[in-house]
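Comments concern the structure below.
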There are 2 protein chains.
Amino acid sequence: MIAITLPLAQTGQDSRGGACCAPIVRQPLSEGEAVELAVLLKAVADPVRLRLLSMIGSHAGGEACVCDLTDAFELTAPTISHHLKVLRTAGLIGSERRGTWVYYWIIPETVNRLGALFTPLRNP
Amino acid sequence: MIAITLPLAQTGQDSRGGACCAPIVRQPLSEGEAVELAVLLKAVADPVRLRLLSMIGSHAGGEACVCDLTDAFELTAPTISHHLKVLRTAGLIGSERRGTWVYYWIIPETVNRLGALFTPLRNP
């Protein structure tokens, strides 16, 4: 066991003190919460999107140019763009065009929400 | 910020010191890891399965009888069984028949793996 300090969001409490992202071991999810979270999980439940997310998240400086992402895949640029759009629509990444390229970064609040959901704070 | 103590697995290191479950913000996932994790995520990317998982995980004593789970849904018993089987096949829950009923419990290692994946240890 080691002790680390976590952002408050990761404990399952949001800024409203609500339970939108309480760990699944704490209390049953409501139907609405489950529907909303399933949409988010479907966005990441794809190998290409998981790899894109990890490439963006781990990139030096916390953001990646689309030009940094395409070479790792044997996929067309429109296919990569489609996957990036799914991640962006789900609120997992942000993007901005600067000159020729579009740059992407992780939105930590959304990623934290998934992390908090699957964080058993105790062993059953 | 608050400080809590987490199991080692949650920090992204497995027992082999490997990176199977390193947070996505730490390093790019390999193709193999991404394929494996996408299978796990597809298993939870469903509102009924998310609710089942949270009902099992938060149940008193850390396990739930199938008889505790069915009433919350307007679904047939075979449909609930199908969803429970998907969660069990993915290694997210364990089960055991005792007398009339089957009992289910969360497998924390697998849930922790998802939690670790979506745990940014730093803000980009």
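These numbers were taken from a predicted model, which means no experiment stands behind them. Within every chain, numbering begins at 1; the chains are lettered A, B, ... in the order of the sequence lines, protein sequences first and strands thereafter.
Here the closest heavy-atom approach between residue A/Pro28 and residue B/Met55 is recorded as CB-CG, 3.9 Å. Taking both residues in full, the closest heavy atoms of B/Gly115 and A/Thr119 are given as CA-OG1, 4.4 Å, listed atom of the first, atom of the second, then distance. Nearest heavy atom pair, residue A/Ala34 against residue B/Leu50, reads O-CD1, 3.5 Å.
Here the rule is side-chain contact (heavy atoms from CB on, under 4.5 Å) with A/Ile24, and of B/Ile106, B/Ile56, B/Leu52 only B/Ile106 fits it. Applying side-chain contact (heavy atoms from CB on, under 4.5 Å) to A/Phe118 and the options B/Leu114, B/Thr110, B/Leu92, B/Asn112 leaves one that passes, B/Leu114.
Under the 4.5 Å side-chain heavy-atom criterion for grouping Ile, Leu, Val, Met, Phe, Trp and Tyr, A/Ile93 is connected to A/Val102 within one hydrophobic cluster. In this structure, B/Val39 is not a member of the same hydrophobic cluster as A/Val48, with clusters built from ILVMFWY side-chain heavy atoms closer than 4.5 Å. The hydrophobic cluster containing A/Leu84 also contains A/Trp101, counting ILVMFWY residues as joined when their side-chain heavy atoms lie under 4.5 angstrom apart, directly or transitively. A/Val86 and A/Tyr103 are members of different hydrophobic clusters when ILVMFWY side chains are connected at heavy-atom separations under 4.5 Å. In the hydrophobic cluster analysis, where Ile, Leu, Val, Met, Phe, Trp and Tyr join through side-chain heavy atoms closer than 4.5 angstrom, A/Tyr104 is grouped together with A/Ile80.
One distance of note links OG of B/Ser58 with CD of A/Gln27; it measures 7.5 Å at 0.5 Å rounding.
No other option in B/Val44, B/Asp46, B/Leu53 has as many heavy-atom pairs under 4.5 Å with chain A as B/Val44. Heavy-atom pairs under 4.5 Å with chain B peak, among A/Arg49, A/Glu36, A/Arg51, A/Lys42, at A/Arg51.
With a 4.5 angstrom heavy-atom cutoff, A/Glu63 does not touch chain B via any of its atoms.
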